[in-house]
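To start, the structure itself, in structure tokens.
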Amino acid sequence: MLIRFGYVAMSVHVAHASPSKTMTATQFAKIADREAALGKLVRIAEENLHNTLRLLRHNRAYDIHVFRFSSKLVPLVTHPLTEGWDPIPRLAEPFRELGDYVIQHGMRTSFHPDHFTVLTTPREEVLRTSLADLAHQVRMLEAMGLDERSKCNIHIGGTYGDKESALARFHSRVNDLPAAVRRRLTLENDDKTYTAEETLQAAEELGLPMVLDLHHHQVNPGSGVAAEELWPRIRATWKDTGIPPKIHVSSPKSEKDVRAHADFVEPEPLAAFLGAIAAETPRLDIMIEAKQKDEALFRLVADLAGREEFREVDGATLER
DNA sequence: ACCTGTCAAGTCTGG
DNA sequence: CCAGACTTGACAGGT
């Protein structure tokens, strides 16, 4: 099994490289000249895109092939204050440059909208903004020239006191999505509401790939079925995508606060999981969600690479 | 340069 | 019906 590792949005090693700089809505509203205010947002977005490219170069230097873009690359883009504003044409060049770099170096990239994107919502307005968010992220991937192997990963959402009807809404809303959006979706089990089993069932029914989050499964295990038992079905959801299955790993911050992310990743549970699935899984991509970002990646890879069962292929790729 | 309260956004719980 | 928790990087305003 070939395993690649990646991290989320920002690096603890590359200084002053935030890809999520922003402006508050209050500040935006204070600027009388709307064109000037929008121009400022474009400048911030350019800086975010530039910093993202710096991060990709850093990733390349350390053999990191998996990366999640910040969901805040373009500030306030789906805010009501900027209604009717379309900054993507103005940002075509930096987006294209990012995408070219990703393609040139064979990287796997994705987006993961914030928890305000909820397709299960009964509220019309929330659904509208959720769809706008998704559409925006897909447009950014398109502006980068990245094909449908670059995904947008979402959770199913809330229950509103009735999981059955929430799931029914989820199904019909996914089916109503524009094809270009739907084909980019992946579904992830969450840490409170929709278990890995429930998420898997929805993914199978909708024909979407499922991202298994091992930490979420640990704190929201449902019936308690082991992740490796679900794995053959989860793996099967990736069959026709042209990309390896992806999982998320992180560790509880503390016993008191098990859902929060720790600085680093405990290697042991992951090593055990990988041992259980290695035989049936030729390739796997692992997204590390730890506070110490790429440093957590380096430590985890070093730990695993030191074990007998693993062989280091490059700085962020292992063979098991 | 550094500190602290605040920030666009949703959902859920509890009062 | 409303306040607070959840969670998080960065802003904004102050020293």
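Each chain gets a letter, A, B and so on, in the order the sequences are listed, and its residues count up from 1.
Comparing B/dC7 with C/dA3, their P atoms sit 14 Å apart, to the nearest whole Å. Nucleotides B/dT11 and C/dG9, compared at atom P, are 22 Å apart to the nearest Å. Annotation: C/dA5 and B/dG5 have their P atoms spaced 14 Å apart (nearest Å).
Whole-Å rounding puts the A/Lys163 NZ to B/dC12 P distance at 11 Å. In this entry the distance linking CG of A/Leu41 with C1' of C/dA10 reads 15 Å, nearest Å. Distance NE2 (A/His79) to P (B/dC7): 12 Å, rounded to an integer number of Å. Between the NZ atom of A/Lys40 and the P atom of C/dC11 there is a distance of 11 Å, given to the nearest Å. Atom CE in A/Met23 sits about 7 Å away from atom P in C/dA12, given to the nearest Å. Atom CZ of A/Phe28 is separated from atom P of B/dA9 by 16 Å (rounded to the nearest Å).
Taking only side-chain atoms of A/Thr26, from C-beta outward, the nucleotide of C/dG13, B/dA8, B/dA9 with the closest atom is B/dA8. Taking only side-chain atoms of A/Phe116, from C-beta outward, the nucleotide of C/dA10, B/dG10, C/dA12 with the closest atom is B/dG10. The side chain of A/Thr22 lies closest to C/dC11 when the candidates are B/dT11, C/dC11, B/dA8.
Scored by the side-chain contact (heavy atoms from CB on, under 4.5 Å) test, A/Glu124 finds A/Leu127 as partners (sequence neighbours excluded). Residues satisfying the side-chain contact (heavy atoms from CB on, under 4.5 Å) test with A/Glu255, not counting sequence neighbours, are none.
Stem regions annotated for DNA chain C: B:1-7 with C:9-15, B:10-15 with C:1-6, counting only runs of 3 or more consecutive pairs of Watson-Crick or G-U type with both contacts under 3.5 Å.
Using a 4.0 Å heavy-atom cutoff across all strands shown, A/Thr159 reaches sugar-phosphate atoms only and no base atom. At the heavy-atom level, A/Thr117 lies nowhere under 4.0 Å from the strands shown. The residue A/Lys253 sits apart from the nucleic acid: no heavy atom pair falls under 4.0 Å. Counting any heavy atom pair closer than 4.0 Å across all strands shown, A/Leu76 reaches a base atom.
Across residues 118-139 of chain A, A/Val118, A/Thr121, A/Arg123, A/Val126 each have a non-hydrogen atom less than 4.0 Å from an atom of DNA chain B (numbered order).
Within the 4.0 Å cut-off from OP1 or OP2 of C/dG13, at least one side-chain nitrogen or oxygen of A/Gln27 is found. The phosphate of B/dT11 (OP1 or OP2) has a side-chain N or O of A/Tyr160 nearer than 4.0 angstrom.
Annotation: side chain of A/Leu98 is not in contact with side chain of A/Thr109 (no heavy-atom distance under 4.5 Å). Within the 4.5 Å cutoff, side-chain heavy atoms of A/Leu212 are placed close to those of A/Trp231.
Under the 6.0 Å cut-off for aromatic ring centres, A/His155 and A/His112 qualify, their centroids lying closer than that. In this structure, the ring of A/Phe28 has its center no less than 6.0 angstrom from the ring center of A/His79.
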**OP:** Start with the C-alpha gap between A/Thr129 and A/Thr78, add the side-chain angles, then the distance that decides, and say whether side-chain contact (heavy atoms from CB on, under 4.5 Å) holds.
**Re:** CA-CA 7 Å; A/Thr129 58; A/Thr78 54; over 6 Å; no
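Side-chain contact annotation: A/Asp314 with A/His65, donor-acceptor N/O pair under 3.5 Å present. No side-chain N or O of A/Glu197 forms a donor-acceptor pair with one of A/Gln201 less than 3.5 Å apart.
Around the NZ atom of A/Lys253, the shell of radius 6.0 Å holds no more than 12 heavy atoms that belong to other residues, nucleotides or ligands. Residue A/Arg34 qualifies as enclosed at atom CZ: its count of foreign heavy atoms under 6.0 Å is above 12.
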Original post:
How does each nucleotide of nucleotides 1-9 of chain C score, in 5' to 3' order, for protein heavy atoms under 4.0 Å: base (B), sugar-phosphate only (S), or none (-)?
Top reply: -----SS-S
**OP:** Take nucleotides 1-6 of chain B nucleotide by nucleotide from the 5' end and write B, S or -, depending on whether a protein heavy atom sits under 4.0 Å from the base, only from the sugar-phosphate, or from neither.
**Re:** ------
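A salt bridge between A/Arg96 and A/Glu93 is absent, with no side-chain N of the basic residue lying under 4.0 Å from a carboxylate O of the acidic one. Using a 4.0 Å cut-off between a side-chain N of Lys or Arg and a carboxylate O of Asp or Glu, A/Arg54 and A/Glu47 do not qualify as a salt bridge.
One hydrophobic cluster, built from ILVMFWY side chains closer than 4.5 Å, cannot hold both A/Ile243 and A/Phe69; they sit in different ones.
Just one of A/Arg108, A/Arg68, A/Lys246 meets the salt bridge (charged side-chain N to carboxylate O under 4.0 Å, His left out) condition when paired with A/Asp285; it is A/Arg108.
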